[in-house]
Every structure is written in C-alpha cells, then in structure tokens.
Novice: 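Below you will find the structure I want to go over with you.
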Amino acid sequence: MDYTYYPGCSLEVSNKAYDISARNVVKALGANLVELEDWNCCGATNYMSVRELRSFAISARNLALAEKQNRDVVTACSACFTTLNKTHSYMEGNAKLRGEVNDALSAVDLKYDCKIKVRHLLDVLVNDIGIENIASKTKVKLEGLRVVPYYGCQLTRPNATFDDAEFPTTMDALFKALGAEVVDYPLKTKCCGGMLMTTAEKVALKLVKNLLDCAVKRQAHCIVTPCPLCHFNLDAYQDNVNKMFGTNFAVPTLFFTQLIGVALGLSGQDIALGQEIVPAGGVLSSYMGGRQ
Amino acid sequence: MAEMQLPAGKLAELSERFLQDVYSIPDGEKIKLCLQCGTCSASCPTSYAMDYTPREIIAAFRAGMLDRVLKSNTVWMCASCYSCTVRCPAGIKLTDVMYELKRLGIEYGLYAKQATAPVLSREFVKMVDKHGRNPELSLLGTFYLKTNPFGLLKMAPLGLKLFKRGRLAFRPSKVKKQYELARITKRLESKEGK
C-alpha cells in the first residue's frame, strides 16, 4: 500500500536517522512512503505564535497538495502531525475558517476539502500494517531489552486520533510483540520541553532530567520515541543535563522505527545507527549480530 | 510586579481584542466557563517557572490585568504540550489561548524584555516565508546572534558532534514553488496585517 509521506523540515536534516529508518522499515513491511512533491514547512509552534490564519494556510497548502493524490498523508514527526492535523480538524469543523483558508489557497488554485486524513506513522504501522504482521516478519527477538516507550505530547494531543491522550499504549504493545521488556513508564506523555530547550534551556533541562531519571530508576536500556524534538532533547542535550545537575546519564535514545528495524534484521546503515549522540550501538549489539 | 501599566483606554482595547480573537478560535467562547479549578496549572509541566500560572492568566484577564500577564514570562514558558487543553473540565483550549496571547504580545510589543522566544518565533516566520522550510542552522545562528552571542560558543561542542554525524545542513533546503507561499500569505495580509 502507498502512502503520501510528509517528512517535515526536521527529518530532512538534523533527524535524518528517523527519515531513513522510517522509509526502510515501511519498505521492509511491504508498504511504500511516496514523498509529497514540493511540501513546505507545517508552521510548527513558532509560526502559530505570530500569525494564526497564515499558519493554518501554509499548513493547508500541504494538505491540499496531498488531497490531489487521494491518499492519506502520513508523517513521522509528531510536531508536524499535530500541526497538520490541527489544521485539518479545525478546517473540517469550522466553515468560516475553511472558507478563509481556501480563499487564500485559491490564489494558487489550490483547495482543501478535508477529504483525506492526517496520520502519524505509528498509527499506520500499528493499525494498517498491524502488530501481529510486523511481529511475524521479525528476524530477531528483542528479548531482554528493557525499552522505555516515550510518546511525548504531540502524538496524541490535542487530538487523540488513534491512542489515548494521556495513557497511550500502542508502542507498548508493539515492542512487547517484538519480544522486548517494555518498561512501565509513568512519564510516557510528559513534556520534554520542546522548543523551550532553545529559549528557556534551564526549564527544559529539568523536564528532560526528570524523564531520564525515571528511565534509569526503572533500569531502562534505551528510550524509544516517535518524535524528533523529543529525541533531540533527550539525546543531544543529555550532556547538558549532566552538567547542570551533576548526573551521569548515558541513556541511548532511538526512534521507534530504528528499533523495529533492528527486530526486522535491517542493517545499521538501513536504520542510520550512529547518528545519535549518546551511542546506542552497545545496547543493540547483541541484537544486531555485527550488522551495525 | 511593579512594572508600568498600559493606559486604561489601551488596556480596554487590548482586552476586547483578546476576547474577540479568542472567540474566533473553534470552541473559543468556552473561556467564559472557566471555574478557576486549577487543573490547567497542576497539569502544566512548566507552571513552576511561570510568573502567573495558566489558571491565574484567566483570573488576571477577568480582573483587567491582561497587560501584566503579557509582560510576564508566562506565555513564553508554554511548551505547547496541550496537557491543560485535554484536561480542562470546561473544555477550554488553553493552549490556543496561550498562542493568542503570544500573538497579541508580539503585535503590541508587550512581552518581558528577557523573553527570547518572541525573537525565535519572528525569525522562524521570516525564514519560512523566505525558504518555505525551516533552515534549522541559520535559524538557530540568527537567534543566538540576536539574543545571546555567547550562546553560540556554548553550542559549539554540540554543533561539532552534529556536524560529524552529518546532521547540519549549510545550504538550506527550499520549496520549489516559493511563489505559491508568497501568494497565499499575501492574500491574507488584509486580514492579518503583515
């Protein structure tokens, strides 16, 4: 099955590992991500902080382009997912907004009729491809690997489309089916600070410290996440957390697609292993059999 | 906080504008139903660092103190995690209210001097308008130069690690049909200003 794929700015460069592993995992599972031609930035939290209507309009350009393909649009970035889906649901439920945005889109002969769905890749993997199906295709059981399923905020909030807003369980079920020991993690939807890491670093570092602390206390070997922003804050800023709090965390953080890739027997290159700052090769070595 | 307050006329205009803008958000009128229970503040991961908690924002607005809220650090501490929104028993989309306050603060120039998030947001909009995508590296570079040049030095070790891993792009990726975005946003200028 083909899906229209919206990578988003973050997956293009700084979080390429997510893009690479997502495409290869989906391919290995017999589906196909077809990149949306000439997509633009979804607007993220920042555009919305300056201009509301314009933010919806530039976000909707992507939706209008995707609707022409007549397929659901799938993104792996939780922040893009929330922004695109918020645009979709507000336009769907509010005729005035729909009219205003479509009036703006008509300047370039585009129109969005809200006929497609915005979906997160986790939703597609779990609900279309199916957990049992994925498990049946695995080459390596993730036995003994203690995994923290960290969902973050944007995946299920404000609109919980496929999992619970506060207590999601799809990744828990997925990695359990792949043989991992899924850690019961009470902070699974607590915020990592998002963009505050740039504008209020001390506040965000404290949130990340809480997340890492809880993971370590529960003897996690690694954290998996479906969000590039969560990944960046947990992984790239772990050193700063250690400096600020005098801790010595070294918790590998993986994109959930990378760990699925390990179970599917993909190579380290296929899942872009090694791009993370806190090395994950060590905890994965016994599952990769030299495929790093 | 003993900072200067807006003249009464200007404050009334600001408050009215805030209400009308919030009402235009889907479900925006629910703000009238706030019962001051504090679920939002208790759910907020960053309320501990805010001058006014999310609950207090609505209380302050009702007390005619919206300008003080805007000049505090509160709205720029909102990480947009939507915990308050999904938990509010009155169905108030408080994250959307926060966005509205961010926009008003930027428009009226009412925000805490030390708040750097408005700078990031404005630069972000400029760059997305120009490239159609977020050129992460130049955005962060510009942001640090404008707010805290020393921050660039502090970021250098991480930057180097990212560079070694091929995670920095020195030439920003661009949308091919940038003119489409320009036309779309131009069409909205009359409604939203520049």
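Quick note on labels: first sequence line is chain A, next is B, and so on, each numbered from 1. Keep in mind that what you see is a predicted model, and the values were worked out from it rather than measured.
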Novice: Identify the two heavy atoms, one from B:Arg122 and one from B:Tyr111, that lie closest to each other, and give their separation to 0.1 Å.
Specialist: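 Looking at all heavy atoms of both residues, the shortest contact is NH1-OH, 3.0 Å.
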
Novice: Non-hydrogen atoms of chain B under 4.5 Å away: do they reach the side chain of A:Leu207, the backbone, both or neither?
Specialist: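 Only the side chain of A:Leu207 comes within 4.5 Å of chain B.
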
Novice: A:Met195, A:Lys16, A:Glu166: which one forms the most heavy-atom pairs within less than 4.5 Å of chain B?
Specialist: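 Of the candidates given, the most pairs with chain B belong to A:Glu166.
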
Novice: Nearest heavy-atom pair of A:Glu276 and B:Arg165: which atoms, and what distance?
Specialist: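 Here A:Glu276 and B:Arg165 meet closest at O-NE, 2.9 Å.
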
Novice: Taking every non-hydrogen pair under 4.5 Å, which of B:Pro135, B:Ala117, B:Ala115, B:Ser24 racks up the most with chain A?
Specialist: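 Maximum pair count with chain A is reached by B:Ala117.
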
Novice: Side chain from CB out, backbone as N, CA, C, O: work out which of these in A:Asn102 comes under 4.5 Å of a heavy atom of chain B, or both, or neither.
Specialist: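 Neither; nothing under 4.5 Å.
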
Novice: So which residue, A:Asp103, A:Asn15, A:Asp38, A:Asp109, ends up with the most heavy-atom pairs under 4.5 Å with chain B?
Specialist: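 Answer, by heavy-atom pair count under 4.5 Å with chain B: A:Asp38.
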
Novice: Counting only N and O atoms by type, is there a donor-acceptor contact under 3.5 Å from the side chain of B:Thr185 to the main-chain atoms of B:Ala182?
Specialist: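 Side chain of B:Thr185 to backbone of B:Ala182: a pair is present.
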
Novice: Taking 4.0 angstrom as the limit, do B:Lys93 and B:Asp27 come out as a salt bridge?
Specialist: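 The answer is yes: the pair qualifies as a salt bridge.
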
Novice: Need one label for A:Gln275: side chain, backbone, both or neither, based on atoms under 4.5 Å from any heavy atom in chain B.
Specialist: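 Both backbone and side chain.
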
Novice: Below 4.5 Å, heavy-atom pairs only: which of A:Ala60, A:Gly43, A:Gly8 has the largest tally toward chain B?
Specialist: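 Maximum pair count with chain B is reached by A:Gly43.
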
Novice: Are A:His231 and A:Tyr18 close enough that their ring centres sit under 6.0 Å apart?
Specialist: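 Ring centres of A:Tyr18 and A:His231 not closer than 6.0 Å.
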
Novice: Counting heavy-atom pairs closer than 4.5 Å to chain B, which one of A:Ala236, A:Ala200, A:Gly194, A:Ala165 comes out on top?
Specialist: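 The answer is A:Ala236.
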
Novice: Using non-hydrogen atoms only, which part of A:Glu52 is less than 4.5 Å away from chain B: side chain, backbone, both, or neither?
Specialist: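 Its backbone and side chain both get close to chain B.
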
Novice: Is A:Arg98 salt-bridged to A:Glu92, cutoff N-O under 4.0 Å?
Specialist: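 Not counted as a salt bridge, because no side-chain N and carboxylate O are separated by less than 4.0 Å.
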
Novice: At a heavy-atom separation under 4.5 Å, does A:Phe56 approach chain B through its side chain, its backbone, both, or neither?
Specialist: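 Interface part for A:Phe56: neither.
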
Novice: Return the minimal non-hydrogen interatomic distance between B:Tyr99 and B:Ser80, and the atom names on each side.
Specialist: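 Heavy-atom minimum between the residues: OH-OG, 2.7 Å.
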
Novice: In plain terms, say whether A:Glu201 and B:Lys154 are close enough for a salt bridge, that is, a side-chain N and a carboxylate O under 4.0 Å apart.
Specialist: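 Salt bridge present between A:Glu201 and B:Lys154.
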
Novice: Could you have a look at A:Gly152, A:Ala17, A:Pro158, A:Ser55 and say which one has the most heavy-atom pairs with chain B under 4.5 angstrom?
Specialist: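 Heavy-atom pairs under 4.5 Å are most numerous for A:Pro158.
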
Novice: Given heavy-atom pairs under 4.5 angstrom as the criterion, report whether the side chain, backbone, both or neither of A:Asp239 touches chain B.
Specialist: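 Looking at A:Asp239, just its side chain touches chain B.
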
Novice: Does any heavy atom of chain B fall under 4.5 Å from the side chain of A:Ser10, the backbone, both, or neither of them?
Specialist: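 Both backbone and side chain.
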
Novice: Answer with side chain, backbone, both or neither: which region of B:Ser43 has an atom nearer than 4.5 Å to a non-hydrogen atom of chain A?
Specialist: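 B:Ser43 touches chain A through backbone heavy atoms alone.
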
Novice: Determine the interplanar angle of the A:Phe162 and A:His120 rings, folded into 0 to 90°, and report it as parallel if under 30°, tilted if 30 to 60°, perpendicular if over 60°.
Specialist: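 Parallel: the ring planes of A:Phe162 and A:His120 meet at under 30°.
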
Novice: In terms of heavy-atom pairs under 4.5 Å, which option from A:Asn94, A:Leu97, A:Leu53 contacts chain B the most?
Specialist: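 Looking at each of A:Asn94, A:Leu97, A:Leu53 in turn, A:Leu53 comes out on top.
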
